[in-house]
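To start, the structure under review is shown below, and the notes come after it.
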Amino acid sequence: MVDVSGDGELLTIGAFAARARLSSKALRLYDRLGLLAPARVDAVSGYRYYRAGQVERARLVALLRRLDMPLARIAEVLDTPEPEAAGGLLAAYWADVESRFAAQRALAGYLRGRLSGRSSEMYEQFEVSLVEMPEQVIIGETRHTLAEELPVWIPASLGRLEEAAAGVCGGIAAAPFVVYYADVSEESDGPAECCVPVEDGDAARAWAAGRARTRQVRARVEPARRLARTRITKAQVAAPQILAAYEAVETWIEREGWEYDGPCREIYFADWDAAGPEDPVCDVAFPVKRS
């Protein structure tokens, strides 16, 4: 069939599906989602026709689907006019996939150890040490939150606090951290507190006083503490495999005869966005004391 509009050869949906190596069912789905609309739909019969020039887009859709890319992200990639920008979107998606696979690999190892009764061997991968933390003035934001909300809330909260610390609190004095005052899981909502150490305590208290009503924000003194800590990678931060790190530190504390001296915490010392899945980014730590 020839397209009388002059845009070239028109193919029936069956012929186009064969050339594009897609099923007719898939083509109808992609049409509904706005990914690949037919060039013409017969007003009487409802038959769909595609231009031969649409084959390349159809094949790209099929290939991107083989990467398990969601349809909405496929549309974003294909509708980006600049080739370099489209490639950047694909690279960003694949970085997310690799990060997820790394986390799943760590989780699988954790579960194998738990199910096979080799927990003690599993904890040996974590090196636990003691570190002395000096007294710090911090600005903090507290929230009741479930585990699934942490990946969104923590970076957003720390971002707000770091901006305030750098802007009006004299600067960031040390690595930010998150304190867990009670269990945070799929069923328990903490609370937890995001904390950023600052240089100027008076400025921090003034800043917090003006925001306490809108957010659970405060400035306080974090006392000097001795921490039992282990260092983990970006992949290991994801729940629930981070539990292995917590359990390793708790096992070490019990074995070495220490007592808990405050709530557990995660100290984020690296650039999260720049770090790869296997790069160290966080210390899992418990304040401890001798009985």
Lys/Arg cation over aromatic Phe286: Arg226, 6.0 Å, 45° cone: no
Geometric cation-pi criterion, Lys289 with Trp258: 6.0 Å, 45°: no
Are the side chain of [X] and the backbone of [Y] linked by a donor-acceptor contact shorter than 3.5 Å?
X	Y	answer
Glu149	Leu146	yes
Gln54	Ala37	yes
Arg48	Gly46	no
Arg143	Trp153	no
Arg290	Gly257	yes
Ser24	Gly14	no
Lys234	Ala275	yes
Thr233	Asp279	no

Euclidean distance, [Y] [atom2] relative to [X] [atom1], rounded to 0.5 Å:
X	Y	atom1	atom2	answer
Phe177	Gln136	CZ	CD	5.5 Å
Glu222	Met133	CD	CE	8.5 Å
Asp42	Thr12	CG	OG1	12.5 Å
Glu247	Thr230	CD	OG1	12.5 Å
Ile267	Arg265	CD1	CZ	7.0 Å

Under a single-linkage definition using a 4.5 Å side-chain heavy-atom cutoff for Ile, Leu, Val, Met, Phe, Trp and Tyr, are [X] and [Y] assigned to the same hydrophobic cluster?
X	Y	result
Tyr181	Val221	no
Val61	Leu64	yes
Leu22	Leu35	yes
Tyr246	Val179	no

Enclosure of Phe269 CZ (heavy-atom neighbours >12, cutoff 6.0 Å): yes
CD (Glu187) with more than 12 external heavy atoms under 6.0 Å: no
NZ/NE/NH1/NH2 to OD/OE distance under 4.0 Å, Asp283 and Arg231: yes
Derivation of the side-chain contact (heavy atoms from CB on, under 4.5 Å) call for Leu36 and Leu27: CA-CA 7 Å; Leu36 187 67; Leu27 289 174; 3.6 Å; yes
According to ring-ring contact (aromatic ring centres under 6.0 Å, His included), who are the partners of [X], at least two apart in sequence or on a separate chain?
X	answer
Phe126	none
Tyr180	none
Tyr50	Phe16

Check: residues 161-176 side-chain donor-acceptor pairs under 3.5 Å, at least two apart:
none

If you look only at distance, which donor and acceptor atoms sit under 3.5 Å apart when one is on a side chain in residues 95-102 and the other is two or more places apart or in another chain?
{"residue": "Glu98", "atom": "OE2", "partner": "Trp94", "partner atom": "NE1", "Å": "3.3"}

N/O donor to acceptor pairs below 3.5 angstrom from side-chain atoms of residues 67-90, sequence neighbours left out:
{"residue": "Asp79", "atom": "OD1", "partner": "Arg57", "partner atom": "NH1", "Å": "3.4"}
{"residue": "Asp79", "atom": "OD1", "partner": "Arg57", "partner atom": "NH2", "Å": "3.0"}
{"residue": "Thr80", "atom": "OG1", "partner": "Glu76", "partner atom": "O", "Å": "2.6"}

Pair Val184-Asp189, side-chain contact (heavy atoms from CB on, under 4.5 Å): steps then yes or no: CA-CA 5 Å; Val184 175; Asp189 65 351; over 6 Å; no
side-chain contact (heavy atoms from CB on, under 4.5 Å) assessment of Val128 paired with Arg229: CA-CA 5 Å; Val128 181; Arg229 59 104 186 259; over 6 Å; no
side-chain contact (heavy atoms from CB on, under 4.5 Å) evaluation trace for Ile253 with Glu259: CA-CA 7 Å; Ile253 291 171; Glu259 291 185 0; over 6 Å; no
